[in-house]
Participant: 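Let me give you the structure first, and then I'll get to my questions.
Numbering of ligands and ligand atoms starts at 1, following listing order. Remember, predicted model here, so these are calculated numbers, not experimental data.
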Amino acid sequence: MGRRAKNKQSDPAPFAEVQSNAAPRPSAKKLGKRKAEVEDDAVTKRPSKKVKETQNKQTSSKVKGKEASKSGKLSKSKEKSNKPIIEDEGGSSEGWEDVDDDMDLEASKHSLFRDSDEGESFAGFTGDLDEYEMDGSEISQDDLLQGSVQELDLDSDEDEDEAPTIPSSRIKGLKSKQWDRPSKIIPTGSDDSSSDEDEEDEDGPVTMANMEARSRALDEKAAREAQLDLEEVQDAARAGGEEDDDFEGGEEGEEGEETEGFQLPTAEEVEEEKKVGGPQVHVVQRRMRECVRILDNFKKRATPGRSRSEYVHQLVSDIASYYGYNEFLAEKLFQLFPVSEAIEFFEANEVPRPVTIRTNTLRTRRRDLAQALINRGVNLEPIGKWTNVGLQVFESSVPIGATPEYLAGQYMLQAASSFLPVIALSPLPGERVLDMASAPGGKTTHMAALMENTGVIFANDANKARTKSLTANVHRLGCKNVVVCSYDGREFPKVMGGFDRVLLDAPCSGTGVISKDASVKTNKSERDFTLLSHLQKQLILCAIDSVSPDSKTGGYLVYSTCSVMVDENEAVVDYALRKRPNVKLVETGLEFGKPGYTKYRGKTFDPKVALTRRFYPHVHNMDGFYVAKFKIEKRFKVKPKDEDENDGRADKMDVDGQQDVGFDSDEDRPYIEVIEPLTSIESKRKRMKAKGLRVPPRTKPAPPPVT
Ligand SMILES: C[S@@+](CC[C@H](N)C(=O)[O-])C[C@H]1O[C@@H](n2cnc3c(N)ncnc32)[C@H](O)[C@@H]1O
C-alpha cells in the first residue's frame, strides 16, 4: 500500500454540520484521529440549501455515468463503478474488456480538446525532518551534504511514478463533498461567462461533439455549488448553528447582541478536561463555532474581561485536537488566514483533491486521449481553461494508473497544482534547462513536451533512489532531451551552469498537501521549518547563479513549493532578492492565484513579492502551492547604499559602483558556512568516488565556478 493510501483519512463532515447535542463520548483525546468514528455517532444535520445542492450534484454525477452508458460506452463498466479508479502497481486491469471501439471518432474532431502543451505534473512532497536526527551544531559535513537531502527525504510522495492510488473514499463512499461531483479546479468566482440555467444532463449521450457544452454546464453548476458551499461554511462558522440567529442581524444595530450561553473554559475546567482525556467532541465543536463567531466581531461578542488572544488560543487548541494537528502547526497555519477562512482551509485538508492527469503531447493529443479513456469507461472532462493538457477524472471502471494509455506514456497522473510552475517557466524548444530537484519527473516530462523533445533538460535530484522513478517516467513518456543526474542542488552552478531557464521545485514541508499526507499534521516542528527555509535559501541562490543572464531566449528561474508557509515562500524569495540584486520578480503568467504576502506578522517583504502566486485547497480546489518567477540579469557591480536610505538593499545595476554582488556579507555567513564545506575538494572527491566517477589527482585545483 502506498504512503498516500496509508495516510488516507476518512472524510469527516465539517464541524459546523455536527449538532452540538451529539451523543457525548467519554473521552476525546486525539479527537482528530477519531473524528470520523465520532461522526458516525453524531446526528448530522445539513443546512437545507446544502441538501438541495447535494441532491443536484448526485443526480448530475449519476447522469454523467448514464449518458456514457446510453452511448454504449459504460454498459458493462458501470456495474464496476465502485472499483478504485487507481490501483497499486500490479493492480488488476479488469475493465479492459469493456472497451468499445465503435465510438464515432469523427464526431470528436472539433471542440474542446484543443491540442497544446501546458501543464503537468504532480504535487509536492512531504519530508519528515524528524527522521533526520541531527542537532544543529553537531552536524557533520557529510551529513549536511548527503543526510540533509537523502535522509530527510525531502521529496513529495504523491508522485505519479509510484503506483498511484486514490483514497477509497473518492470512489466508494462518495462522502467527500468535493469529490462526489465535478468540482472545478479553478479560482472560485472565475470568469465563466455563459449561460443557460441548468442545462439538462439527460438530453442525450455524451459525445466528443457535445462534450464542451456539457462540460461548461457542469463547470457552471460546480461553480454555483462551490459558492454555496463557501457561503454555507462561512454562515456556519459565523452563525454557529441555527440557534445562533443573532448573526443575521449583521454588523449594525447589534447593541444588545447575545453573548450569554458560551463562556471560555476556566483554567480549572481545562485541567478537568485534561484529566478525563480531553474534551468531548461536541464540546469542542461548539466551542470552535463560538470562538469563530466571537472573533469575527470581538468587540461586540466577547465576554467582558476576556482577551482576544484567549479566544484565539482556545480556538487553535480545539482546531489542533479536532483535526489532529500538533498545536504548533495548527497555530502556524491558523495565522495565515482570517479566522473563518482558516476553518475553511482546515476543512479542505480533510477532503481529497480531484484526480487529474496531464496529456503527454509527445505521444498523443488530449482529445484522442480523452476519447480512448472514455471508451474504457473513464468519466472525465477538461480541468479548466487555464490548461489545455489537463483532464479531471471523476470515476473510472479501470485503474487509471494501469491503462494501456498510461503504460504507453500518453499521460502522467499529476496534481493540477503541479502544472503551474511549468506553465510559469514556459521553456522553449531548443533551450538548455535545469530542473534542480526533479524526481519523480512530473514537471521534467512536462517541460520536455513543451520543448518538443528538443534542446536539453538536466533533470537533477539529490536523492539517487528517487532518480530511478524519474528515469522510468522519462522513458515511459518518451522524453529524448532529458539527462538525469544526481547532485546536491547546492553544488550548482559549479557542476554546470549557463542555463536558459531553471526550475527549482524545492523540497518543502508539504503543508499544501495535507489532504494527501496527513502525517504532516503531526510531524513538523519549528526546527523543521527553520532547516527547510535555510536549505531553500541555499538552493535558490544556487539556482539563480545557474541561469545565464546572457540567454537570448530566457534567463528565468521559477521557484515553487507545495507549502503554504511564508517562511518557505515569500521569505525565501525576499531573501533571494536581497542577496542577488541582479534578479527581479516578474509576472508568473498564471491566470489565477492569490498574490504573495508583502507584509506578514511584522515582516515586510519587497513589494514585488505580490507578483508571486499562492494557491489554496479551499479556494482553488487544488493542493496548496506557491509559484514565483524571476528574471535574471547581468551581474553588474553595485554601489553599496546607505543602509538607512535603502533598507539595506544594494542599489541595483549601478555600473559605477564598487562592490560586486556576492555572498560575502555577514548575513550570508551562516549559509556559506554550510555550503562551503560541502563544496570543499575533499568532500567533492568523496562524492565523485561514491558515484563511481574518476577522481582527479589531489594536486589539481578545483574548477573555477561557472559564472
Ligand atoms: C517537491 S520534490 C520535486 C518534485 C518534482 N519536481 C516533480 O515535479 O516530480 C523535491 C525534490 O527535491 C529533492 N531534494 C531534496 N533536497 C535536495 C537538494 N539539496 N538538491 C537537489 N534536490 C533535492 C528531493 O529528493 C525531492 O525529489
Side-chain angles (χ1 to χ4, degrees), residues 119-129 132 143-162 164 358 412-423 425 433-448 457-474 477 479 482 484-492 494-495 502-513 516-517 531-532 534-543 546 558-563 568 623-627 671 674-675 678-679 687:
E120 66 91 274
S121 172
F122 107 129
F125 105 104
T126 55
D128 181 355
L129 290 172
Y132 183 49
D143 279 345
L144 279 167
L145 176 63
Q146 286 157 8
S148 62
V149 175
Q150 313 206 345
E151 292 167 34
L152 282 176
D153 187 22
L154 294 172
D155 49 332
S156 296
D157 270 350
E158 27 330 297
D159 308 344
E160 36 296 307
D161 66 307
E162 286 167 11
R358 174 183 59 83
M412 193 77 158
L413 269 148
Q414 272 178 320
S417 56
S418 283
F419 294 27
L420 302 170
V422 178
I423 296 175
L425 190 65
V433 174
L434 171 63
D435 189 350
M436 195 178 245
S438 63
K443 297 175 190 75
T444 305
T445 52
H446 187 186
M447 291 197 287
I457 302 172
F458 286 89
N460 178 68
D461 199 283
N463 186 332
K464 213 160 186 184
R466 286 174 63 84
T467 60
K468 286 189 188 141
S469 52
L470 166 64
T471 308
N473 280 323
V474 164
L477 275 79
C479 306
V482 176
V484 173
C485 52
S486 182
Y487 294 95
D488 186 315
R490 293 170 290 188
E491 294 179 72
F492 286 84
K494 293 192 175 168
V495 177
V502 173
L503 173 63
L504 173 55
D505 185 33
C508 70
S509 64
T511 47
V513 290
K516 286 180 177 146
D517 183 359
L531 287 174
L532 276 167
H534 182 105
L535 174 62
Q536 289 153 349
K537 285 173 180 168
Q538 292 176 322
L539 287 170
I540 202 170
L541 293 186
C542 296
S546 302
V558 164
Y559 173 81
S560 60
T561 70
C562 57
S563 167
E568 299 180 73
D623 292 327
F625 220 82
Y626 178 78
V627 179
Y671 300 97
V674 180
I675 294 171
L678 305 179
T679 53
R687 290 195 302 277

Participant: Please find the pair of heavy atoms, one from A415 and one from D623, that lie closest to each other, and give the distance.
Facilitator: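 Distance-wise, the nearest heavy atoms are CB-OD2, 3.4 Å.
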Participant: Using a strict cut-off of 4.0 Å, indicate which atoms of ligand 1 neighbour a heavy atom of N463.
Facilitator: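 In order of numbering, the contacting atoms are 25 (O).
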Participant: Write down the atom of C542, the atom of F492, and the distance for their closest heavy-atom approach.
Facilitator: CB-O, 3.1 Å
Participant: Taking only heavy atoms of M436 into account, list the atoms of ligand 1 that are under 4.0 Å away from them.
Facilitator: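 Answer for ligand 1: 21 (C), 22 (N).
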Participant: Check this for me: does any side-chain nitrogen of one of D435 and K443 sit under 4.0 Å from a carboxylate oxygen of the other?
Facilitator: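 Not counted as a salt bridge, because no side-chain N and carboxylate O are separated by less than 4.0 Å.
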Participant: Consider every N or O of G441 and every N or O of ligand 1, then say whether any pair is closer than 3.5 Å.
Facilitator: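 Such a contact does occur with ligand 1.
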Participant: Any N or O of D488 that comes nearer than 3.5 Å to an N or O of ligand 1?
Facilitator: yes
Participant: If only atom types and distance count, is the side chain of S486 paired as donor or acceptor with the main-chain N or O of D461 below 3.5 Å?
Facilitator: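 Yes; judged by distance alone, with no hydrogens or angles, the pair exists.
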Participant: Determine whether a donor-acceptor pair (N or O, by modelled atom type, separation under 3.5 Å) exists between the side chain of N473 and the backbone of P440.
Facilitator: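 Checking the backbone N and O of P440 against the side chain of N473, a donor-acceptor pair under 3.5 Å is found.
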Participant: Which one holds for R466 and ligand 1: side chain close, backbone close, both close, or neither close, with close meaning a heavy atom under 4.0 Å?
Facilitator: side chain
Participant: Applying a 4.0 Å heavy-atom criterion (strictly less than), which segment of S438 is in contact with ligand 1: side chain, backbone, both, or neither?
Facilitator: backbone
Participant: May I ask you to check if ligand 1 and A437 share an N or O to N or O distance below 3.5 Å?
Facilitator: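 Yes; the residue has a nitrogen or oxygen that sits under 3.5 Å from a nitrogen or oxygen of the ligand.
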Participant: If you take all heavy atoms of Q536 and P507, which pair is closest and at what distance?
Facilitator: NE2-O, 2.9 Å
Participant: List every atom of ligand 1 that sits less than 4.0 Å from any heavy atom of D505, numbering the atoms from 1 in the order shown and giving each element.
Facilitator: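 By the 4.0 Å cutoff, the relevant atoms are 1 (C), 3 (C), 4 (C), 5 (C), 6 (N), 8 (O), 10 (C).
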Participant: As a check for students: among A439, A462, P507, identify the option with a heavy atom nearest to atom 5 (C) of ligand 1.
Facilitator: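 Minimum heavy-atom distance to atom 5 (C) of ligand 1 goes to A439.
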Participant: Heavy atoms only: give me the nearest A462-D488 pair and the separation to one decimal.
Facilitator: CB-CA, 4.0 Å
